[in-house]
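Since the structure comes first, as structure tokens, the remarks are kept for the end.
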Amino acid sequence: MSVPGQERPVDHACAPWPYRLLAVDALHRRGWRPSALREFVLKIHQRCNLACDYCYVYTMADQSWRARPAVMSERVWTAAANRIAEHAERHALDEVRVVLHGGEPLLAGIDRIAAIAEAVRTALPAPVTARLAMQTNGVLLDEATLRALLRCDIRIGVSLDGNQSDHDRHRSDAAGRGSFAEVDRALRLLSGPEYRSLFSGILTTVDPHTDPVACYHTLLAYRPKALDFLLPHANWSAPHPDSGQADRSFGSWLIRVFDRWYDAPRQETRIRFFEEIIHVVLGGASHSENIGLSPAAVAVVETDGAIEQVDALKSAYQGAAATGLSVLTDPLDRALSHPGIIARQLGVDALSEQCRRCPLHRICGGGEYPHRYRAGAGFRNPSVYCADLASLINHVWHRVHADLRARLRAAR
Amino acid sequence: MLDITSDQPVGDDLDHEQEYPADLEVLTRLTWLPDGSAEESVLANSLRRFLQERRLSESTVLDGSPGVARWNSYLP
């Protein structure tokens, strides 16, 4: 299979699950139907002004960025906007979410960003609305850019990994210069009264060598509405060097932040990862692809128009995110028949036997999908971070349970 | 290093089998029942107050509304 007009074969041979073992026809015969896509990640620029050492786009298995156009052309973003509109209409969606991403999306230039936002909103048929957001490293986020983003109503998430030394250890430019000072300047602007309405939150990649509470306090100083903590991408064939280190595990790092956050006399910010666990612990559904069994409703459009699965799959193997489809030639509905997309919507049926035997599987949902990968087997494995997730979920479960018990005792 | 090819399932040493609070499951399910008893109402109110204080989504838990998972973005 290859993208029409392009020399890029799609080979999923190292992932028998789902590509060889998932019987898509049988699923359809059983009456299974996919969920519509609701969130679209547009890779508007393929390059980055930073060279973070853990970046899944540049430093891991997939190197497809090298062969793609550096920037998304008007032809591609117009096609993407029309495909999103077509999909929304066909599935009677009332709202779609569009994320401008890269590389570093601000490298595309604010005029191009404004044109893309306009194209997306114009293409959507009434009454469908679009919520637009951007995830940026913050380096180029100056006052003029913020004014333009405010006019475009594009919400902004910024990546920050903690204090200056912790952040700069991983998030530096190609010459090794840390980016903290520039990100700090951007976050001060963004959290000020003029632009605060645009400030969605901060994304932090966990480094278990850092002090978790100090990291939380650094992030809190910018008064973000929300935070999220991401585990660095890894899998069974390429585990993180700190995996399995009992004295500084990812799980214990997250537990220390959870306790600091949960025990605050007044909630200081939202932490999506923890909130999602609590929702599912209490019997609800998750809204994050990292927790729970809810169907993933996300598609990515690359700078060349390729329709892809979640970009973090690039951490697994060359072409892992590919579907062979393109917005230039295919409706987004076609992605709903792709085994990779279907596997993300199957809930418990996509989990390994080992996961299904575990009482936590409804909460962890098997962990983040790329973290389940093992070369030669594919994605039907527990997360490589299984032990960390289990310790965190156990901890949250028992804290929430104790809290509710105490309330019940007081109420009776 | 963790290894799922080993005989011991990953995380088996992590107390997965400890008593998971069945009554907490009951607690959440009771809140979905209409015309609950006074006792059920205490349970439901406690849960609702917990969710409000924590600024968590009541509908996600109390209505059992289905979720659709999002990518790592901050769209509200």
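Here is the naming used below: chain letters follow the sequence lines, and residue numbers restart at 1 for every chain.
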Any heavy-atom pair between the side chains of A/V99 and B/R70 that's under 4.5 Å? no
Chain B contact via A/E353 - side chain, backbone, both or neither, heavy atoms under 4.5 Å: neither
To the nearest 0.5 Å, how far apart are CZ in A/R266 and CD in B/E53? 13.5 Å
Which atom pair, heavy atoms only, marks the closest approach of A/V298 to B/W71? CG2-N, 3.5 Å
Separation between CZ of B/R49 and CG of A/L404, rounded to the nearest 0.5 Å: 10.0 Å
With distance as the sole test, does B/R54 use its side chain to make a donor-acceptor pair with the main-chain N or O of A/E275 at under 3.5 Å? no
For chain B, the option from A/G157, A/S288, A/A133 that forms the most heavy-atom pairs under 4.5 Å: A/S288
Could you tell me if the side chain of A/R272 sits less than 4.5 Å from the side chain of B/N72, heavy atoms only? yes
Which bit of A/I291 comes within less than 4.5 Å of chain B, counting heavy atoms only: side chain, backbone, both or neither? neither
I'd like to know which of A/M134, A/Q135, A/R270 tops the heavy-atom pair count under 4.5 Å against chain B. A/R270
Check each atom of A/V98 against the heavy atoms of chain B and say whether the ones under 4.5 Å are side chain, backbone, both or neither. backbone
Is it true that a side-chain atom of A/R344 and a backbone atom of B/A69 form a donor plus acceptor pair closer than 3.5 Å? no
At a 4.5 Å cut-off on heavy atoms, which part of A/R38 comes close to chain B: side chain, backbone, both, or neither? side chain
A/Q267 versus chain B, the contacting section by heavy-atom distance below 4.5 Å: both
Heavy atoms only, distances under 4.5 angstrom: which of A/L293, A/V310, A/I156, A/L203 has the most pairs with chain B? Name it, please. A/L203
Which atom pair, heavy atoms only, marks the closest approach of B/F50 to A/L282? CE2-CD1, 3.8 Å
Which distance, rounded to the nearest 0.5 Å, do you find between the CZ of A/R407 and the CZ of B/R48? 13.5 Å
Could you tell me which of A/A296, A/S286, A/P295 has the largest number of non-hydrogen atom pairs under 4.5 Å with chain B? A/P295
